[in-house]
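By convention in this document, chain letters (A, B, ...) are assigned in the order of the sequence lines, proteins followed by strands, and residues within each chain are numbered from 1. Quantities reported herein were computed from a predicted structural model and do not represent experimental measurements.
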Amino acid sequence: MANELAKAYDPREVEDRIYQFWLDGGYFHAQVDQGKKPYTIVMPPPNITGQLHMGHALDNTLQDILIRFRRMQGYAALWVPGTDHASIATEAKIVEAMRAEGLTKEQIGREKFLERAWEWKEQYGGRIVSQLRKMGSSCDWQRERFTMDEGCSRAVREVFVRLYEKGLIYRGERIINWCPHCRTSISDAEVVYSEQDGHFWHLRYPLCDGSGEIQLATTRPETLLGDTAVAVHPDDARYRDLVGKTVRLPLVGREIPIVADDYVEMDFGTGAVKITPAHDPNDFEVGLRHNLPVINVMTEDAKINENGGKYAGMDRYEARAAIVADLEAGGFLVKTEDMKHNVGACYRCNSTVEPRVSKQWFVRMEPLAKPAIEAVRNGDVRLIPQRFEKIYFNWMENIRDWCISRQLWWGHRIPAWYCDDCGETVVARSEPQSCPKCGGAHLHQDEDTLDTWFSSALWPFSTLGWPDETLDLKYFYPTATLVTGYDILFFWVARMIFSGLAYTDKAPFQTVLLHGIVRDANGLKMSKSLGNGVDPLVEIETYGADALRFTLATGNSPGNDMRYSPERVQASRNFANKIWNAARFLRMNLTGTEQPPHLPPQLAQEDRWILTKYNRLVADVTENLEKYELGLAVQKLYDFIWDVFCDWYIEICKSRLNGDDPAAADCARTVLVYVFSGTLQLLHPFMPFLTEEIWQALPHKGTSIMVSRWPKYEETLNFSREAQAFEKVVDAVRAIRNCRAQKNVPPSRKASLTVVTATPEPFREGEALFRRLASASSVTVCTQGTVEGAVCVVTDAAAFYIPMNELVDVAAERKRLTKELEAAQDDRAFVEKKLANENFVSRAPAAVVQAQRDQLAKVCDRIAMLERSLEELNV
RNA sequence: GGAGGCAUAGCUCAGCUGGUCAGAGUGCCUGCUUCACACGCAGGAGGUCGCAGGUUCGAGCCCCGCUGUCUCCACCA
């Protein structure tokens, strides 16, 4: 504590210094140690273009809590950090930056573009990493990885080749989601649907034989240019005779068939559907079944192409308007309805996606999904909270093939080459020199790159050396826990699971801890466009990283969203300050010669009380952390530190510390340090900076709290009988304070105190406590007797007489005591009734019944004392 | 269309395997220049744990239904 006189904790003075101290000590680095058990977490790699937001802050806080906890428990705790190249997001940013210079990527070419991209990565890739340090993240920075570094890239090529060789990767003309703005395909998972106002245009298509027309409706009339059929349901009596006939496509003039397909819903619209195989996923399927031609009518940027006749060159919405106008003019438009419908948009740029047939690479999912489902079903991978398993199964069981090729430059280039001579496709780990089929020397590589998530899916093992059987991989893999938001369960978690199983034969992690989204104080999602995001770095600057971490860990249960409000961080900051001041108090009372604490043989009752409570805390916090109940653990620490240790134990110790018995003062000091430093250790995973700073200033062994040994529950510290006895004293102090407060007697006004009790020991020993905490000028403890004309306070264990004659209003006293008596009698009746219930006594566990009996005895004692007091008042 | 979450003090939320579980923070009220802390101390008010049933000796906690609310999946043109 460099600035130990400061009344308030100043995190800005502490945090960077402490972080550097940890770095210098090498405490973050984990290595293979056969004497230890491994505990591994791989960090969800943030995008290199990204900046730290509250989601990262939460995610990394939870991970750091777990990793620090396990490290202190003696595990070889490895937290692998890294960043993701985020192909589509990064490429978009670079393209945007180039536009400011008046350049397009096509102008400068692939090679130059990639140079720029790497420069960009060098410039900004470190930003988020340094922001993570501000959080106190104890990652092993020596192992920091990047999804496009040599090792990860090698893993990507290896996986691609293996899957291809197994027939699990194929290339084909299929309908995919196309983003006209990003100009690339995107996967199903990358499409975000939202309801929008639109129209439902009812059209008539005339039959070629002149015998009439068929009516149908569409929300996208511009796709009419690519229609190659009209479909009706095979059971639909209305259209049965029309199947096999042809219609003349309005505006285009093409003759197209009417086909029967049970994809059509008879009850919806007119029961007839125009079929555009090139621009609708369902129509594509229909097209396959009926061997329909596929006519692509759009360009990459969603303009009508040369197949669109006079509409060629128009933007899709422009064309829509023109076509509707022409249909109307041609008498083909029956009516226009308003209709809300779901429109898919690119999750990156929010442009409306255009389904489009194109040649792409796909991963065949079904064979991969099966073992991934099994791994979760049989418990090899556990999701927390468990309800996400259902969501996971639902997705995995209905999964479709994964489109993995992207028409982007920034990313892992697909390791496929095509022979210019014979057209052979060669998939290989490295560039082939000649065509294995025809021997030709001219090959060119596929232009596309892979979906970012293809490389992220390998993250748990590619970062540990896979495909090589490295020592790290053997020791640290499979990883223990994966911590991430439920929002990327499909994007990432699911894909890691099937990837791990497919390539390493092991599930990549045992437990997935899913957390929710951090929302603003009003419950809205934090977003750039709303401008309601709270910057974690600003919060750290204002309140400290520990306060931020504490806020994010508190009151948060797995899988649930949380709200972030300034009041909550302030409360956390106040808690940090409370701890700081407790430490100041200890420092002011230490002699400077203390050794790391050993407990003295002679303990006061309050020492046994606090040690018992502390010991319970050790057990509880440890258990909570092991069960991933981080929010419960931190709540218990808060309660113990503030309500038990500070408000009671420190106050109680002041008598001994300021008294004239040096042995008693030593004893108090020792227990204070013992309990406090142990508590700091328990709190360290949550508030690492503060706890380290204070721990260093207290008597301690070892170099850093973060590598100190996690406290253990000790049966020898469990003095439950004495602790219970002391609770009676605490209760008494509360009751006396309560009474004085009700009568508005200031603490400065002392009065003598007479305790009448059947169990005098704890009260005799607690004499000093009554003087200090209950404004007693003197304390007399006896087993019987009364004090006339005194205020009487009654607890379960004793009656307390405080003579303050001038304040005693006999009538008011009688009323108060009567009220208390009635309440106690109600309690007694309640418990008696319960105990009178045969079913309860016979069926409830013995301990529960006994607890009720004890309760009854207590209430009876209390009633007796209250009755006696009332009698005395009447004398 | 399918699945799920949430509904507990004015506000924000905890409450693990049913039995001192009716809690915390914040806000509010009343006192306090108590020698660590006003980012504090002491005391207090405030809830039929969404509604209606059921299981049980006993239910915020388990089951069924309903209402409100949020989310995810599917995508009927």
Would you say the side chain of A:His279 lies within less than 4.5 Å of the side chain of A:Ile295, judging by non-hydrogen atoms?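 Sidechains of A:His279 and A:Ile295: no contact.
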Touch check for A:Lys858, heavy atoms < 4.0 angstrom, all strands: base, sugar-phosphate only, or nothing? base
Give A:Asp647 one of three labels, base, sugar-phosphate or nothing, depending on what nucleic acid heavy atoms sit under 4.0 Å from its own.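 Sugar-phosphate: the residue A:Asp647, judged by heavy atoms under 4.0 Å, touches backbone atoms but no base.
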Using a heavy-atom cut-off of under 4.0 Å over every strand shown, decide if A:Pro281 touches base, sugar-phosphate, or nothing.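 No contact.
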C1' atom, B:rG43 versus B:rG60: distance in rounded Å?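 It comes out at 29 Å once rounded to the nearest Å.
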Please give the distance between the C1' atoms of B:rG58 and B:rU12 as a whole number of Å. 32 Å
Which base sits across from B:rG43 as a Watson-Crick or G-U pair, both distances under 3.5 Å?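 When the pairing criteria are applied, B:rC29 turns out to be the nucleotide that pairs with B:rG43.
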Using a 4.0 Å heavy-atom cut-off, does A:Ile650 contact any base of the nucleic acid, only the sugar-phosphate backbone, or nothing at all?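 Here A:Ile650 touches the bases of the nucleic acid.
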From C-beta outward on A:Phe490, which listed nucleotide comes closest to its side chain: B:rA38, B:rC72, B:rC35? B:rC72
Suppose you measure atom C1' in B:rC64 against the same atom in B:rA59; what distance do you get, rounded to whole Å? 15 Å
Work out how far the C1' atom of B:rU55 is from that of B:rG65, and round it to whole angstrom. 15 Å
Do A:Glu629 side-chain and B:rA14 base share a donor-acceptor contact under 3.5 Å? no
Electrostatic pair A:Arg862-A:Glu820, nearest N-O below 4.0 angstrom: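 A salt bridge links A:Arg862 with A:Glu820.
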Which value, in whole Å, describes the distance between the P atoms of nucleotides B:rG27 and B:rC39?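 So the two P atoms sit 11 Å from each other.
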Over 60° means perpendicular and under 30° means parallel, so classify the ring planes of A:Phe575 and A:Phe550, tilted if in between.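 It falls in the tilted class, 30° to 60°.
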So, OP1 or OP2 of B:rU12: does either fall under 4.0 Å of a side-chain N or O from A:Arg563? yes
Please work out if A:Trp642 contacts a base, only the sugar-phosphate, or nothing of the nucleic acid, heavy-atom cut-off 4.0 Å. sugar-phosphate
Can you tell me how far C1' in B:rG46 sits from the matching atom in B:rG23, rounded to whole Å?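 It comes out at 13 Å once rounded to the nearest Å.
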Residues A:Lys728 and A:Asp796 bridged, charged N to O under 4.0 Å: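 No, this pair does not count.
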Under 4.0 Å between any heavy atoms, over every strand shown, what does A:Glu651 touch: base, sugar-phosphate, or nothing? Just pick one. base
